[in-house]
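Notes follow once the structure below has been shown.
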Amino acid sequence: MAIIQFPKDMQWGTATASYQIEGAADKGGRGVSIWDTFSKTPGNVVNGDNGDVACDSYHRYEEDVELMKDLGIDVYRFSVAWPRIFPNGTGEVNQEGLDYYHRLVDKLLENGIEPMCTLYHWDLPQALQDKGGWGNRETIDAFVGYAELMFQEFSGKIKKWLTLNEPWCISFLSNFIGVHAPGNQDLQLATQISHHLLVAHGKTVQKFRELGNDGEIGFAPNTTWLEPYSNRQEDIDACNREIGWYIEWFMDPVFKGTYPDFMVDWFKKKGVELDIEDGDMETINQPVDFLGINYYTGHIARYKENEGLLDWEMVEMNYDRTDIGWPIFPEGFYNVLMRIKNSYGDIPIYITENGSCYNDEPENGSVKDSGRINYLQQHLTALSRAIASGVNVKGYITWSLMDNFEWAEGYTMRFGIVHVNYRTLERTKKDSFYWYKQTIANNWFEN
Ligand code: GCO
């Protein structure tokens, strides 16, 4: 038993994303996104599920804010569906979409909850995908135009902004591995997209500064940790490549203005040629106010020649796994945060996502998700170690407020601290909700 205590000004929150919770896909003037198209193409999503209804938060946002108020959070991280604002990506603005986010943000502010807004959590307008999506540099300008409108519209109301959620997923998972929308399998394209995303991020930060709005801006890369199976150099290098693909590939350009050589060389070996225009690296290398970090899992791995893109294989060490099959690896969370501190210094960090999949169902009105409580305890303990080691952590935002559309897994995988019955849309607080509420109220817990 130990008391794990957090700094006095620690901010606590929960996160969601538009396509995963809003539903109302054809309501309020919303345009079509790549996730509508992708999920309705047979074979892409388990059970053929899609986000047409999801948690219906578009209509039930007041009830959802009530849940947050009861929980006692300081900050709610949500994302805006770009096609609700610009149904065609550019051009005509849909006032009904803006009105919805005003209602949501007003309700949050009335209840003393600070909004943290993610501008892009994957629902690209299909109209832009039809012209090449993130592979086309015109999408960069379209994004900056959308961001500019949002900055102006919500000036004084939203003071924490994130440009992109998980650029690794937007580029490589969606365009090389191909399991997320738009589902391409092309390493050259995916790598070029990762560059366009970073340019879009940099230009958006520039626009934000130019407007002079009160507030802070950052981005939220996803991270993972691979611990080398042995101290053989080839095992260490293999693990470094995988970690570097998530961390240095996306953070070095932002913080240092360069891509990491070890990854550039590796991609070159795989035949990838990055097209970087004059001024791109300076554009990307804009100071950000904070960094969002998403972390879920890690494991043990070693070098294996010609295995996958980066020549490594996982070694089964029988770590416990969550219901989605991801090993529980809290030491990776600590190591990721220390690696970031060592490379990029004391940039303020919000943990913008961390959470677990457990598919417990309600019984007599309660959901006994002890697995999730255990996961939270272990990861918050790792976080507290990182804070003690000098990582500049400002807040912790758990994924997720409620069960929702888990992308290619559809509705089969539940990450919420609130259960959602997808037939009746009824919300039920899980045991982890009550545990998190107590932790927030105390600012400590006993593990
Ligand atoms: C993410 C995803 C979330 C997922 C969560 C669990 O940002 O990783 O955006 O939307 O639901 O990560 O897989």
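From a predicted model like this one, the values you see are computed outputs, not experimental measurements. Both counts, for ligands and for their atoms, begin at 1 and track the order of listing.
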- Query: Among D64, V65, I73, which residue meets the side-chain contact (heavy atoms from CB on, under 4.5 Å) test with L108?
  - Reply: V65
- SB check E66 K107 (cutoff 4.0 Å): yes
- Should D311 and K304 count as an ion pair when the cut-off is N to O under 4.0 Å? no
- Message: I need the atoms of ligand 1 closer than 4.0 Å to a non-hydrogen atom of N165, numbered in the order shown.
- Response: 1 (C), 7 (O), 9 (O)
- Message: Closer than 4.0 angstrom, basic N to acidic O: yes or no for D431 and R372?
- Response: no
- Examine W407 against ligand 1 and note whether any of their N/O atoms are separated by less than 3.5 Å. yes
- Message: Are any of the N/O atoms on W326, whether in the backbone or the side chain, positioned under 3.5 angstrom from an N/O atom of ligand 1?
- Response: no
- Query: In terms of side-chain geometry, is the basic nitrogen of D403 or R427 positioned less than 4.0 Å from the acidic oxygen of its partner?
  - Reply: no
- Electrostatic pair R321:E316 at N-O distance under 4.0 angstrom: yes
- Looking only at protein heavy atoms, which one is nearest to atom 7 (O) of ligand 1, and how far off is it? E353 OE2, 2.6 Å
- Task: Run the numbers for me: atoms of ligand 1, each under 4.0 Å from some heavy atom of E166, listed by number.
- Result: 1 (C), 2 (C), 7 (O), 8 (O)
- Query: Of the protein's non-hydrogen atoms, which lies at the shortest distance from atom 12 (O) of ligand 1, and what is that distance?
  - Reply: Y296 OH, 3.0 Å
- Task: Quick one: look up the protein heavy atom nearest atom 10 (O) of ligand 1 and list residue, atom name and how far away it is.
- Result: Q20 OE1, 2.5 Å
- Task: Can you sort out which atoms of ligand 1 are near N294, meaning under 4.0 Å from one of its heavy atoms?
- Result: 7 (O)
- If you scan protein heavy atoms around atom 9 (O) of ligand 1, the nearest is H121 NE2, 2.4 Å
- Any idea which protein heavy atom is nearest atom 11 (O) of ligand 1, and the distance to it? E406 OE1, 2.6 Å
- So which of W122, W399, F415 actually passes side-chain contact (heavy atoms from CB on, under 4.5 Å) with Q20? W399
